[in-house]
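Note that the coordinates shown come from a computational prediction; the quantities given were computed from them, not determined experimentally. Atom set for the values below is all heavy atoms of this structure, side chains included, hydrogens, waters and symmetry mates excluded.
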Amino acid sequence: MTAEVAVLNRNAIALAADSAVTLRLPEGPKIYRTNKLFAISKYQPVAVMLFGSADFLGVPWETIIKSYRAELGTRAFPTVQDYGDDFLNFVERKNTFFPPRRQEASCYGWVRGWLRRLKRRLRNALEDRLREKSPLTEAEARHLFGTIFAAEESHLSRQVKLPNFKNIDVGKVRRKYRNAVAQA
């Protein structure tokens, strides 16, 4: 678990993060030391803290951040929001980090994980139902899955879209990743 602290007053801000990463392996948890706090600029007091995944589409965040810092150079922005926006634009346009094959593999992995979670929810719901009643008919099982799927669909539709994703053509994305989704 990551611990991050930010202390702010009128004159300054102090950032701190722990340095442990725990990997859950079949042979048991393994703890590594790593950096979770990185300067975005060598010339301005702006930094980023990592929480959760240490990589994005298989590329370590540390690599992405250091590459951005090198490209940023001496440029400066008036607000932290401007740094964040510029960083996100950098990530979007850095195709060398995220070639089409890597994007497709990431889509496959995400969809496969989502389908496994959906399957687990269905299995749990079926087991709960079987404990309460006699065996289900196929129609009842299909209805139960439909209910679970509709709840998931509702949950996903309520999520706020990131600003850079608001104008994305969903149909185009579906066509682009159709094979990866079908394989998953």
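The ring pair (Phe, Tyr, Trp, His ring centres under 6.0 Å) search around F77 returns Y83, not counting sequence neighbours. By the ring pair (Phe, Tyr, Trp, His ring centres under 6.0 Å) test, F98 pairs with F56, sequence neighbours left out. Applying the side chain to side chain contact (heavy atoms under 4.5 Å, CB included) rule to Q81 yields the partners T79, D85; only residues at least two apart in sequence or on another chain are considered. F87 pairs by the ring pair (Phe, Tyr, Trp, His ring centres under 6.0 Å) definition with Y68, not counting sequence neighbours. Not counting sequence neighbours, R102 has no partner by the side chain to side chain donor-acceptor pair (under 3.5 Å) test. Scanning for side chain to side chain donor-acceptor pair (under 3.5 Å) contacts around S154 gives R158, with sequence neighbours left out.
Taken from CZ in R129 to CG in L136, the straight-line distance is 4.5 Å, to the nearest 0.5 Å. With values rounded to the nearest 0.5 angstrom, Q44 atom CD is found 9.5 Å from T74 atom OG1.
The aromatic rings of F145 and F149 are tilted relative to each other, their planes meeting at an angle between 30° and 60°.
Within a 6.0 Å sphere centred on CZ of R101, other residues, nucleotides and ligands contribute 12 heavy atoms or fewer.
Closest heavy-atom contact between R93 and D86: NH1-O, 4.5 Å. Between P135 and L130, the shortest heavy-atom contact is CA-CD2, 3.7 Å. Heavy-atom minimum distance, L57 versus S106: CD2-OG, 2.6 Å. Of all the heavy atoms in A17 and K36, the pair that sits closest is CB-CB, 4.0 Å.
Hydrophobic clustering, defined by side-chain heavy atoms of Ile, Leu, Val, Met, Phe, Trp and Tyr closer than 4.5 Å, leaves V80 isolated from every other such residue. Counting side-chain heavy-atom gaps under 4.5 Å among Ile, Leu, Val, Met, Phe, Trp and Tyr, the cluster of L37 also holds L8, I13, L15, M49. Cluster partners of V160 are absent, since no Ile, Leu, Val, Met, Phe, Trp or Tyr has side-chain heavy atoms less than 4.5 Å from it.
In this structure the side chain of I64 never reaches within 4.5 angstrom of the side chain of K94, judged on heavy atoms. Within the 4.5 Å cutoff, the side chain of R131 has heavy atoms near those of the D128 side chain. A heavy-atom distance below 4.5 Å is not found between the side chains of F90 and L72.
With hydrophobic clusters built from ILVMFWY side chains whose heavy atoms lie under 4.5 angstrom apart, I148 shares a cluster with L115. Linking ILVMFWY residues whenever their side-chain heavy atoms come closer than 4.5 Å, directly or via other members, leaves Y108 and V111 in distinct clusters. Hydrophobic clustering, with ILVMFWY side chains joined whenever heavy atoms are under 4.5 angstrom apart, groups F97 together with I40. I168 and L156 sit in two unconnected hydrophobic clusters of ILVMFWY residues. Membership requires side-chain heavy atoms under 4.5 Å apart, directly or through other members.
Under a 3.5 Å cut-off, the side chain of Q159 and the backbone N or O of H155 do form a donor-acceptor pair.
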List, one per line, each side-chain donor-acceptor pair under 3.5 Å for residues 174-184, sequence neighbours excluded.
unit_1: R175; atom_1: NH1; unit_2: G171; atom_2: O; d: 3.2
unit_1: Y177; atom_1: OH; unit_2: Q103; atom_2: OE1; d: 2.8

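Residue pairs satisfying the salt bridge (charged side-chain N to carboxylate O under 4.0 Å, His left out) criterion with at least one member in residues 46-68, sequence neighbours excluded, are listed as follows: E62-K66. Residue pairs meeting the salt bridge (charged side-chain N to carboxylate O under 4.0 Å, His left out) criterion with at least one partner in residues 141-152, sequence neighbours excluded, are R121-E152, E138-R142.
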Check against side-chain contact (heavy atoms from CB on, under 4.5 Å), L126 and R123: CA-CA 5 Å; L126 287 170; R123 183 177 30 249; 5.7 Å; no

